[in-house]
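Every heavy atom of this structure was used, including side-chain atoms; hydrogens, water molecules and symmetry mates were not. Quick note on labels: first sequence line is chain A, next is B, and so on, each numbered from 1.
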There are 2 protein chains.
Amino acid sequence: MGTTGIQTPTPTRMPSVERRELILAAATAVFGERGYAGATTAQVAKAADISQPYVVRMFGTKENLFLEAMDRALGKLLNAFRTLISEYDAGRMDSQVAALDPSLGETRAGHLRGLMGRAYADLIRDRGILLLLMQSFVSGHEPIIGPRARDAFLALFRLVRDEAGLGPQGASDFLAQGMLMNTLISLRMPEVFETNPLAGELLACTMKTKLDTVLAASQAHPRID
Amino acid sequence: MGTTGIQTPTPTRMPSVERRELILAAATAVFGERGYAGATTAQVAKAADISQPYVVRMFGTKENLFLEAMDRALGKLLNAFRTLISEYDAGRMDSQVAALDPSLGETRAGHLRGLMGRAYADLIRDRGILLLLMQSFVSGHEPIIGPRARDAFLALFRLVRDEAGLGPQGASDFLAQGMLMNTLISLRMPEVFETNPLAGELLACTMKTKLDTVLAASQAHPRID
DNA sequence: GTCTATAAAGGGATAGAC
DNA sequence: GTCTATCCCTTTATAGAC
């Protein structure tokens with residue numbers, strides 16, 4: 001047989017920094033859905049539209065890929081909160097503050113609590129960030145990932161307690177709300193919002209003014225699986 | 001070669017109901033630590049001190065084993081709450097109620113909130129129950145387990161909202177506290193309670209009067225891994 | 001920078017003996 | 001009721017070509 005006309009398609013070349021970010025974004029979505037153990041490097045590769053060995057080649061091991069995705073996710077979350085705190089303190093958020101639930105109180109801490117809650121809900125749009133962190137939080141048994149996840153959680157606690165000024169009890173309460181939101185998203189509760197009244201009420205009470213944001217986000221990214 | 005004196009040890013025989021419970025308890029601990037995907041049937045077998053094929057033989061599939069362990073865990077949790085509610089309504093818990101944080105209020109709902117919080121902390125001693133449920137809550141993507149986990153969560157919500165009478169918002173807040181507790185246990189935060197002041201304060205604010213119970217439980221069951 | 005091919009190990013499930 | 005042996009598929013990671 002002679003050579004056919006079929007050509008092996010030339011792979012899309014890309015600077016490695018850019019490629020890394022692409023893979024990390026894919027890994028965030030996949031690990032966020034399936035957890036560290038449940039996800040495969042092949043699934044990440046498919047989501048990033050490259051070959052499986054290349055994923056491993058670039059990050060060394062699956063574990064290391066997870067760790068880097070986790071750092072990236074934590075960085076984005078901390079950064080979102082810090083940016084918001086700066087803007088609040090610079091007096092640049094009066095319109096946002098006006099839209100807050102008045103039951104949060106008129107103090108700086110009360111305002112920031114409301115603003116951070118909203119920022120948190122907005123992050124759901126950034127596919128997988130919060131889910132990946134949640135998956136890391138239930139991986140405490142992993143020898144390397146576990147301690148890093150613990151540190152990540154504590155960094156979050158410190159930020160909310162000190163920089164946002166919620167104090168220890170306020171920070172604990174804030175994080176509790178966050179963990180419930182994560183759980184409901186993980187459980188895909190928004191997908192049954194309309195068909196299950198019980199789920200609807202739970203979501204409404206938990207998400208409050210952020211409900212519309214959360215529902216929109218769940219419609220925005222259809223299943224990867 | 002002739003036969004040696006070494007005998008194959010006769011396996012310990014046991015009625016299958018008893019054996020099932022033994023395996024389910026082991027599965028609860030193992031799945032609770034490592035999650036559905038992260039745990040192996042061999043690990044469960046080892047924890048139950050039987051052979052791996054026998055685990056599969058008895059439950060059909062790993063997935064089914066997880067589902068049965070999940071049902072058992074949910075049943076224990078719902079049962080603990082229901083028992084407590086009955087006893088409260090029968091007026092048999094005055095001494096317990098007296099020990100509650102007065103900030104919870106003097107209503108039935110306030111009392112039950114405090115009592116259920118304590119009952120929840122006590123369940124940590126029952127190795128893995130709460131962790132297994134938590135692991136199921138982050139498995140929303142699994143085709144069979146996911147919907148079942150959602151139903152489990154909603155059953156819990158309904159119980160707390162209606163039977164305990166906390167109402168929708170009270171139930172959401174209660175569950176949020178529970179999710180944070182689960183997260184901290186998963187992260188093994190109690191293990192660094194003494195060495196990490198930040199972790200210490202987070203635990204104290206979250207666990208409140210239940211702190212001693214939680215710390216004792218984490219010391220009670222040393223690592224399985 | 002990216003792929004194909006493949007080695008090596010792990011893990012769920014089945015068969016069949018006792 | 002329980003075990004040993006084992007099959008076969010999946011998955012991580014490596015080698016080497018382009």
Could you work out, with side-chain hydrogen bond (donor to acceptor under 3.5 Å, both in side chains) as the rule, every residue matching S172(A), not counting sequence neighbours?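 Testing S172(A) for side-chain hydrogen bond (donor to acceptor under 3.5 Å, both in side chains), a comparison that skips the adjacent residues, returns T206(B).
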Report the residues that fulfil side-chain hydrogen bond (donor to acceptor under 3.5 Å, both in side chains) with N196(B), sequence neighbours left out, ordered by chain and then residue number. none
With a non-hydrogen cut-off below 4.0 angstrom, is [X] in contact with a base, only sugar-phosphate, or nothing?
X      : value
T40(A) : sugar-phosphate
A45(A) : nothing
T41(A) : sugar-phosphate

Of all pairs that satisfy ring-ring contact (aromatic ring centres under 6.0 Å, His included), the ones with a partner from residues 188-213 of chain B, not counting sequence neighbours: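 Passing the test, one end in residues 188-213 of chain B: no pairs.
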Near DNA chain C, counting only heavy atoms under 4.0 Å, which residues of residues 54-73 of chain B show up?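 Going residue by residue through residues 54-73 of chain B, the ones with a heavy atom under 4.0 Å of DNA chain C turn out to be R57(B), T61(B), K62(B).
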Which listed nucleotide (dT2(C), dT12(D), dT2(D)) is nearest to the side chain of R19(A)? dT2(C)
OP1 or OP2 of dG1(D) less than 4.0 angstrom from a side-chain nitrogen or oxygen of S16(B), does that happen here? yes
Under-3.5 Å N/O pairs linking protein and nucleotides 5-7 of chain D:
none

Main-chain N/O of I85(B) paired with E163(B) side-chain donor or acceptor, under 3.5 Å: no
Give a yes or no on whether the backbone of L123(A) and the side-chain of K76(A) come within a donor-acceptor separation of less than 3.5 Å.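 It does not hold such a pair.
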Give me each pair satisfying side-chain hydrogen bond (donor to acceptor under 3.5 Å, both in side chains) with a member in residues 10-27 of chain B, each pair once, sequence neighbours excluded.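 Only R20(B)-E68(B), E21(B)-R72(B) qualify under side-chain hydrogen bond (donor to acceptor under 3.5 Å, both in side chains).
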Residue whose nearest DNA chain D nucleotide is more 5′ - Q43(A) or D49(B): D49(B)
Could you state the atom-to-atom distance from CD1 of I50(B) to P of dC3(D) in whole Å?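 From I50(B) CD1 to dC3(D) P: 6 Å.
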Looking at Y120(A), is K210(A) sitting on its ring face, NZ or CZ under 6.0 Å from the six-membered ring centre and within 45 degrees of the normal? no
Walk me through whether R148(B) and F153(B) qualify under side chain to side chain contact (heavy atoms under 4.5 Å, CB included). CA-CA 9 Å; R148(B) 292 266 228 123; F153(B) 199 90; over 6 Å; no
